[in-house]
Amino acid sequence: MSAPSLTPSKAAPSRHSTPRQEGPAVPGGAFAKSLRRNLTAHAFLIGAVLCFAVFSWYPMVREFLLAFQKTESGRTVWVGLDNFTTVFNDPAFWQAWGNTLWFTALALVLGFAVPFVLAITINEFRHGKGYLRLLVYLPVMLPPVAAVLLFQYLYDPGYGLLNELLSFLHLPEQQWLQDADIAMFALVIASTWMNMGGATLIYLAALQGIPGELYEAAELDGAGLFRKIWHVTVPQTRLILSLMFLMQIIATMQVFVEPFLLTGGAGPEGSTTTVVYLIYQYAFNFNNYGAAAALGLLLLVLLAGFSAAYAKLSRSEDA
């Protein structure tokens, strides 16, 4: 009698069993779902790129070309740097740059500091923050033209509310928009009121992200309100402050609506003529699109150079 085998015997496959096929798995529904998801994402991306190309990149390229061209009698010719020479020889050129820089400096004092102080004040309230945020943001929701017309009424030398208030306080009335010495201050006040709501909400969101333990530790060290702001609030919001500082300069260097509607653009003795208003004059009053494009290109290069220098300095400070 033979001993049983210790190795298991393989059962013979049945005639009716289907053999298992080896090979890569078929993607099937997962592949189709992934394809549809990617096609949708690419469709949205293409739409965004087309919008940027049509409304942002094409105008910049077109402006660059127009700065070196001139159109006469329906013919467009290349004129090299003639448009830049025309701009530099214009007496209003340097005055416009001086007024723009002056407006930017004043706007940084008010438009950059006031929203931050206002955000700190609102953040200290325990109740009613939602209503205060709405109240601060209301001017931003107004159409710019309506807001400017409101200040035109406030600044009116005859029946304006500000002069009525000064008269009630027995103070001398002012020619807010007719005096070359204070017209720019009036524009900055109007611009700050119109635009501070968005910056205030951004600062407020940054303040609410600061851990409360930092303020508690500062209080234990005997720090007062101003020391807490300087040693805790400012360092913790430095990134937001830097970004808003850059955006503030870029926005104020392109000011146009306030001087155009409040002082007619040039203002008394040209005191409110800005670079963008001068571009508007070249293009639509003088029909000199080449000079307008040249001046716009100069403004673009200046702001781009400032942004690049500021970004480099920020990186070196973080390193």
Heavy-atom side-chain contact between Met196 and Pro139 under 4.5 Å
no
Does atom NZ of Lys228 have more than 12 heavy-atom neighbours from other groups under 6.0 Å away?
yes
So with a 6.0 Å cut-off around OH of Tyr58, is the heavy-atom count from everything else above 12?
no
Would you call the rings of Phe306 and Phe245 parallel, tilted or perpendicular if under 30° counts as parallel and over 60° as perpendicular?
tilted
To the nearest 0.5 Å, what is the distance between OH (Tyr155) and CD (Gln178)?
11.5 Å
Is a side-chain N or O of Asn123 found less than 3.5 angstrom from the main chain of Ala119, in a donor-acceptor match?
no
Test of understanding: clusters of I, L, V, M, F, W, Y form through side-chain heavy atoms closer than 4.5 Å, transitively. Do Ile189 and Leu169 belong to the same one?
yes
On a heavy-atom basis, the closest approach of Tyr159 and Asp156 is N-OD1, 3.1 Å
Within 6.0 Å of CH2 in Trp78, more than 12 heavy atoms from elsewhere
yes
So, Asp90 side chain and Ala92 main chain: donor-acceptor pair closer than 3.5 Å or not?
yes
Check: Thr233 main-chain N/O paired with Thr237 side-chain donor or acceptor under 3.5 Å:
yes
Starting from the C-alpha separation in whole Å, work towards a yes-or-no answer on side chain to side chain contact (heavy atoms under 4.5 Å, CB included) for Phe44 and Val49.
CA-CA 9 Å; Phe44 281 109; Val49 170; over 6 Å; no
Test Leu220 against Glu216 for side chain to side chain contact (heavy atoms under 4.5 Å, CB included), laying out the working first.
CA-CA 6 Å; Leu220 292 176; Glu216 294 176 0; 5.6 Å; no
Okay, side chain of Tyr277, backbone of Pro259: is any donor-acceptor separation there less than 3.5 Å?
no
Other than Met141, which residues form its hydrophobic cluster under the rule that side-chain heavy atoms must be closer than 4.5 Å?
Leu134, Leu135, Tyr137, Leu138, Val140, Leu201
Mind running side chain to side chain contact (heavy atoms under 4.5 Å, CB included) on Leu66 and Glu63 for me, showing each step along the way?
CA-CA 5 Å; Leu66 282 175; Glu63 178 188 22; 5.7 Å; no
Working to the nearest 0.5 Å, report the span between CH2 of Trp102 and CE of Met184.
9.0 Å
Hydrophobic clustering (ILVMFWY, side-chain heavy atoms < 4.5 Å, transitive) - are Val109 and Val255 grouped together?
no
Run the ring pair (Phe, Tyr, Trp, His ring centres under 6.0 Å) check on Phe151 and Trp193 step by step: do they pass?
CA-CA 10 Å; Phe151 272 90; Trp193 184 84; 5.4 Å; yes
Ile120 CD1 to Thr200 OG1 distance, which is reported to the nearest 0.5 Å
11.0 Å
Grab the two heavy atoms, one from Ala183 and one from Ser271, that are nearest each other, plus how far apart they are.
CB-OG, 4.1 Å
Side chain to side chain contact (heavy atoms under 4.5 Å, CB included) between Leu295 and Phe88: does it pass, once the steps are laid out?
CA-CA 9 Å; Leu295 185 55; Phe88 281 120; over 6 Å; no
Do you reckon Phe125 sits in the same ILVMFWY cluster as Leu118, going by side-chain contacts under 4.5 Å, direct or chained?
yes
Test log, rule ring pair (Phe, Tyr, Trp, His ring centres under 6.0 Å), inputs Tyr282 and Tyr289:
CA-CA 6 Å; Tyr282 278 128; Tyr289 293 98; over 10 Å; no
Would you check if Leu241 and Phe112 make a side-chain contact, meaning some heavy-atom pair closer than 4.5 Å?
yes
I want to check something: taking the side chain as every heavy atom from C-beta on, are Leu110 and Leu106 in contact at a cut-off of under 4.5 Å?
no
Would you confirm whether Gln254, through its side chain, and Ile250, through its main-chain N or O, come within 3.5 Å as a donor-acceptor pair?
yes
Heavy-atom donor-acceptor pair, Ser307 side chain to Leu303 backbone, under 3.5 Å:
yes
Considering only heavy atoms from C-beta outward, does the side chain of Leu278 approach that of Val275 to under 4.5 Å?
no
Can you tell me which residue pairs pass the ring pair (Phe, Tyr, Trp, His ring centres under 6.0 Å) test with a partner in residues 201-233, sequence neighbours excluded?
Phe116-Tyr203
Looking only at heavy atoms, which two atoms of Asn83 and Gln69 are closest? And how far apart?
ND2-O, 2.9 Å
hydrophobic_cluster_shared for Val117 and Leu108, side chain cutoff 4.5 Å:
no
Work out which heavy atom in Pro115 is nearest to a heavy atom in Ala199; give both atom names and the distance.
CB-CB, 3.9 Å
So, for Val87 and Ala291, which heavy atoms are closest and what is the spacing to 0.1 Å?
CG2-O, 3.5 Å
Is a side-chain donor or acceptor of Gln174 paired with a backbone partner of Asn163 at a separation under 3.5 angstrom?
no
Taking CZ in Phe52 as the centre, count heavy atoms belonging to other residues, nucleotides or ligands within less than 6.0 Å. Is the count above 12?
no
With no hydrogens and no angle check, is any side-chain donor or acceptor of Asn89 less than 3.5 Å from a backbone partner on Thr85?
yes
Least distance between heavy atoms, Val276 atom then Met253 atom:
CG2-O, 4.1 Å
Measure the shortest side-chain to side-chain distance between Trp97 and Leu299 over non-hydrogen atoms and say whether it is less than 4.5 angstrom.
yes
Let me confirm one number: the CG-CD distance from Asn195 to Glu258, rounded to the nearest 0.5 Å.
6.5 Å
Nearest-0.5 Å distance that lies between atom CG in Leu149 and atom CG in Leu154:
11.0 Å
Are the side chain of Thr272 and the backbone of Gly265 linked by a donor-acceptor contact shorter than 3.5 Å?
yes
One should read off an interatomic distance between Leu101 CG and Thr274 OG1, to the nearest 0.5 angstrom, of 11.5 Å
Do Phe55 and Phe64 sit in one hydrophobic cluster, given that two such residues count as connected whenever their side-chain heavy atoms are within less than 4.5 Å of each other, even indirectly?
no
Test item: Glu173 side-chain N/O and Leu166 main-chain N/O as donor-acceptor pair under 3.5 Å:
no
